[in-house]
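Along the sequence shown, the residues carry numbers beginning at 1.
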Amino acid sequence: MRKPPISIFSQLCRHRPKSFATLVSRNDFSDPSSSTAPLVCPTHLKPCAKTHGLLFKPNQFRTNPFRNMDTLVGNPSQLSSRQKKLKEKSELEEAFESAKTAEEMLKAFKDMESAFDERDLGLASLKLGLKLDQEGEDPEKVLSFANRALKAFDRDDKPSSLLLAMTLQLMGSVNYNLKRFADSLGYLNRANRILGRLENEGLSGEDFRPVLHAVQLELANVKTAMGRREEALGHLRKCLEIKEMTLEKDCRELGKANRDLAEAYVAVLDFKEALPYCMKALEIHKKHLGQNSVEVAYDRRLLGVIYTGLEEHEKALEQNELSRKVLKNWGHDSDLLRAEIDAANMQIALGKYETAINTLKGVIQLTDKDSETRALVFISMAKALCNLEKFADTKRSLEIALGILDKKETATPVEVSEAYSEIAMQYETMNEFETAISLLKRSLALLEKLPQEQHSEGSVSARIGWLLLLTGKVAQAIPFLEGAAERLKESFGQKHFGVGYIYNNLGAAYLELDRPQAAAQMFAVAKDIMDVSLGPHHADSIEACQNLSKAYGSMGSYALAIEFQQRVNDAWENHGSSAEDELREGRRLLEQLKKEAHGASSKDLPIKALPMPYTDVSSRSSQPGIPAGQK
């Protein structure tokens with residue numbers, strides 16, 4: 001079956017989502033236990049336009065503040081030593097509060113170090129860390145101030161303060177920027193637990209929700225970077241829920257938030273879940289901006305991607321055409337070129353190959369000679385030509401694309417790896433499997449260096465394993481399949497249907513190597529996963545059950561082999577007349593097993609390796625493609 005082109009996804013899923021409060025760490029804030037100003041303006045989650053100086057009022061640096069020096073008895077020259085120190089501290093605090101730039105704040109902080117102990121400097125350390133982080137300073141420098149704040153706030157007598165959660169969020173954010181993902185995750189998880197306790201204790205939502213949003217968003221970023229996409233989606237859903245509780249109903253910002261979540265679902269090819277969020281974004285943007293706004297054009301382009309993934313190609317093309325009209329009117333040439341390529345891929349999906357070729361010929365004239373966009377045009381051109389069985393022209397187009405992509409591996413490894421996978425599929429279609437395997441290995445080499453692309457690494461590795469199995473290189477296939485299973489389990493969980501396909505193919509490999517017990521174990525795992533993720537009557541679930549029957553037959557466990565073959569036949573019967581051939585073959589195999597159980601011998605039971613469902617390659621592939629039953 002056809003899948004949406006990778007190029008459609010590549011422009012949708014590269015950017016890191018932005019917090020609607022930027023990050024709570026970017027704003028001034030106060031502890032809810034104090035009587036000072038709230039974290040943000042109370043009516044919404046956007047940062048206040050006017051800052052309030054230091055996070056607390058100056059007198060809150062000290063346990064026993066003595067702020068109003070005018071109440072002192074006597075002349076200033078007669079101040080006691082203690083009173084002079086208090087006045088000095090007050091002046092230092094004032095200097096820090098009035099500092100506007102990071103440089104001024106650093107100077108004021110340095111002056112304060114001689115007058116305050118580390119515990120009293122916690123708040124200033126946090127604010128300075130936030131300011132440096134906001135201005136893009138060296139993360140290690142930011143981390144040094146965040147660590148000082150953490151030591152000041154992380155006290156046994158107050159283990160659940162909002163300021164501690166904020167500091168942990170900053171620690172998590174900085175470690176994320178330093179690519180220390182495990183450390184980042186630890187800080188963020190702790191911040192999340194603290195915020196949960198504060199909520200249970202009755203802290204006002206206006207105080208903790210901006211912080212919670214920042215933590216949830218950073219958790220999504222970190223887990224995405226670690227390849228744990230399904231978990232990341234849960235945090236992004238929480239981000240949207242927080243906005244919906246805080247912002248005005250159907251405001252423009254909620255439109256953008258819904259589209260961001262739809263894009264996240266598209267990134268894992270879950271088009272069914274993406275659809276309602278994209279439709280909501282479109283509804284909100286049309287209400288506020290009208291039909292001809294750029295935001296509405298972006299919504300429609302994404303909607304085209306989603307309909308393509310759902311194989312509703314006419315609807316996809318309709319949305320794409322509406323989007324292109326607006327993008328053209330606004331002069332968004334780069335987005336327009338990508339939308340034109342999307343349109344060509346949709347035309348190919350509809351079998352309109354000549355129309356697609358004409359569309360692509362027009363786009364070629366508008367691309368730079370060595371641009372990635374030009375390479376994508378030739379890949380899509382090759383796809384159309386391949387469908388017309390013009391294989392010589394197909395290969396020429398692919399060679400031009402490869403010539404461009406060879407020079408882009410360092411600059412844009414993710415995009416190039418996706419393109420290599422697309423080109424590999426074209427060679428696979430032309431039965432040139434060795435070339436396809438070689439290109440997939442090049443793609444894999446790029447992805448292995450990118451931890452956030454673990455899901456794509458697993459998908460490509462699975463494809464290589466399947467092609468090696470298909471070409472008889474069974475022993476070589478096994479390590480690729482085993483590696484793919486581990487990657488996809490880490491990214492999508494134990495019961496993801498893609499993991500089921502891999503275990504099925506591992507079973508087929510072990511059976512080819514005359515290891516029926518290992519094969520039976522793999523087929524049993526595959527069947528359990530597919531029954532859960534696809535349903536027991538999905539064609540691929542039935543094939544996994546068929547393979548399990550074959551493995552038991554090879555082991556001489558005929559009672560089990562007959563039992564599972566009968567399940568296969570029952571499942572095909574539920575498909576009615578559309579599965580008459582499969583049911584006829586299933587009944588033949590059942591009779592054959594019964595004969596073998598009585599002493600006859602036969603080795604002609606078929607083993608079926610299942611190819612990973614594959615994404616149509618001019619688009620971004622974030623995980624194995626989705627069978628029809630998953631959409």
Side-chain angles (χ1 to χ4, degrees), residues 1 3 6 386 395 398 402 416-449 453-492 496-523 525-526 529-530 540 543-544 546-548 550-551 554 605-617 621 623-625 627:
M1 61 180 281
K3 300 292 174 189
I6 290 175
C386 188
K395 291 177 184 178
L398 295 177
L402 283 170
V416 172
S417 70
E418 293 165 356
Y420 284 162
S421 296
E422 168 66 27
I423 294 170
M425 193 179 95
Q426 303 307 322
Y427 280 108
E428 184 183 324
T429 302
M430 294 184 287
N431 293 327
E432 297 195 15
F433 300 118
E434 293 300 327
T435 304
I437 291 170
S438 175
L439 284 164
L440 288 170
K441 286 181 176 179
R442 289 178 69 179
S443 176
L444 187 62
L446 294 173
L447 294 170
E448 285 174 338
K449 302 172 185 176
E453 295 299 321
Q454 177 176 267
H455 58 293
S456 296
E457 180 187 343
S459 181
V460 171
S461 185
R463 197 69 184 180
I464 294 171
W466 181 75
L467 286 173
L468 289 169
L469 191 60
L470 189 66
T471 54
K473 299 174 182 177
V474 180
Q476 294 180 39
I478 288 175
F480 285 100
L481 292 170
E482 289 176 338
E486 291 306 309
R487 297 292 177 273
L488 292 184
K489 281 193 291 185
E490 291 172 9
S491 295
F492 301 111
H496 188 267
F497 67 88
V499 180
Y501 282 92
I502 296 169
Y503 277 116
N504 181 82
N505 291 346
L506 275 169
Y510 287 133
L511 208 54
E512 285 289 330
L513 295 175
D514 198 24
R515 295 170 58 185
Q517 288 184 328
Q521 290 177 345
M522 296 298 102
F523 287 137
V525 173
I529 294 172
M530 290 184 176
D540 291 337
E543 291 294 350
Q546 176 74 79
N547 287 340
L548 183 57
K550 164 63 178 175
S554 297
L605 294 175
I607 311 167
K608 187 167 183 180
L610 299 174
M612 289 294 291
Y614 205 65
T615 301
D616 199 350
V617 197
S621 122
Q623 72 179 56

Q: Atom CG in L440, atom OG in S421: separation rounded to 0.5 Å?
A: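 Answer rounded to 0.5 Å: 5.5 Å.
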Q: Could you pull out every donor-acceptor pair under 3.5 Å between side chains of residues 468-482 and any protein atom, sequence neighbours left out?
A:
from: T471; atom 1: OG1; to: L467; atom 2: O; distance (Å): 2.9
from: T471; atom 1: OG1; to: L468; atom 2: O; distance (Å): 3.2
from: K473; atom 1: NZ; to: E434; atom 2: OE1; distance (Å): 3.2
from: K473; atom 1: NZ; to: E434; atom 2: OE2; distance (Å): 2.7
from: E482; atom 1: OE2; to: Y510; atom 2: OH; distance (Å): 2.9

Q: Mind checking whether V525 and L506 have side chains closer than 4.5 Å, heavy atoms only?
A: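 No; the side chains remain at least 4.5 Å from each other.
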Q: Going from CD on E457 to OG on S443, what distance comes out if it is rounded to the nearest 0.5 angstrom?
A: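 If we round to the nearest 0.5 Å, E457:CD and S443:OG are 10.0 Å apart.
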Q: Minimum heavy-atom separation for S417 to L446, with atom names?
A: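 That closest heavy-atom pairing would be N-CD1, 4.0 Å.
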Q: Closest heavy-atom contact between A484 and A462?
A: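 Result for this residue pair: CB-N, 3.5 Å.
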Q: To the nearest 0.5 Å, how far apart are CZ in R463 and CE in M425?
A: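 One gets 8.0 Å once the value is rounded to the nearest 0.5 Å.
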Q: One pair to check against side-chain contact (heavy atoms from CB on, under 4.5 Å): F523 and L511. What are the steps and the verdict?
A: CA-CA 10 Å; F523 287 137; L511 208 54; 4.1 Å; yes
Q: For E432, what residues pass the salt bridge (charged side-chain N to carboxylate O under 4.0 Å, His left out) criterion, not counting sequence neighbours?
A: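 E432 satisfies salt bridge (charged side-chain N to carboxylate O under 4.0 Å, His left out) with K395 once adjacent residues are dropped.
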Q: So which atom in A436 and which in E428 form the shortest heavy-atom distance, rounded to 0.1 Å?
A: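 What the structure gives for the nearest pair is CB-N, 4.0 Å.
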Q: Listed by chain and number, what are the salt bridge (charged side-chain N to carboxylate O under 4.0 Å, His left out) partners of E486, not counting sequence neighbours?
A: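 Here the qualifying residues are K489.
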Q: Taking the side chain as C-beta and beyond, is there a heavy-atom pair between M430 and L398 under 4.5 Å?
A: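 The answer is yes, as the side chains (C-beta and beyond) meet within the 4.5 Å cut-off.
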Q: Let me confirm one number: the OH-NZ distance from Y420 to K441, rounded to the nearest 0.5 Å.
A: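 Atom-to-atom, Y420:OH and K441:NZ are 15.5 Å apart.
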Q: Between I464 and V460, is there a side-chain heavy-atom distance shorter than 4.5 Å?
A: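 They are in contact (side-chain heavy atoms under 4.5 Å apart), so the answer is yes.
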Q: Roughly how far, to the nearest 0.5 Å, is the OG atom of S459 from the CD atom of Q454?
A: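 These two atoms lie 12.5 Å from each other.
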Q: Looking only at non-hydrogen atoms, find the nearest pair between T429 and C386 and report the distance.
A: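 So the two residues come closest at CG2-SG, 3.6 Å.
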Q: Hey, could you give me the CZ/CZ distance between R487 and F492, rounded to the nearest 0.5 Å?
A: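 With rounding to 0.5 Å, CZ (R487) is 13.5 Å from CZ (F492).
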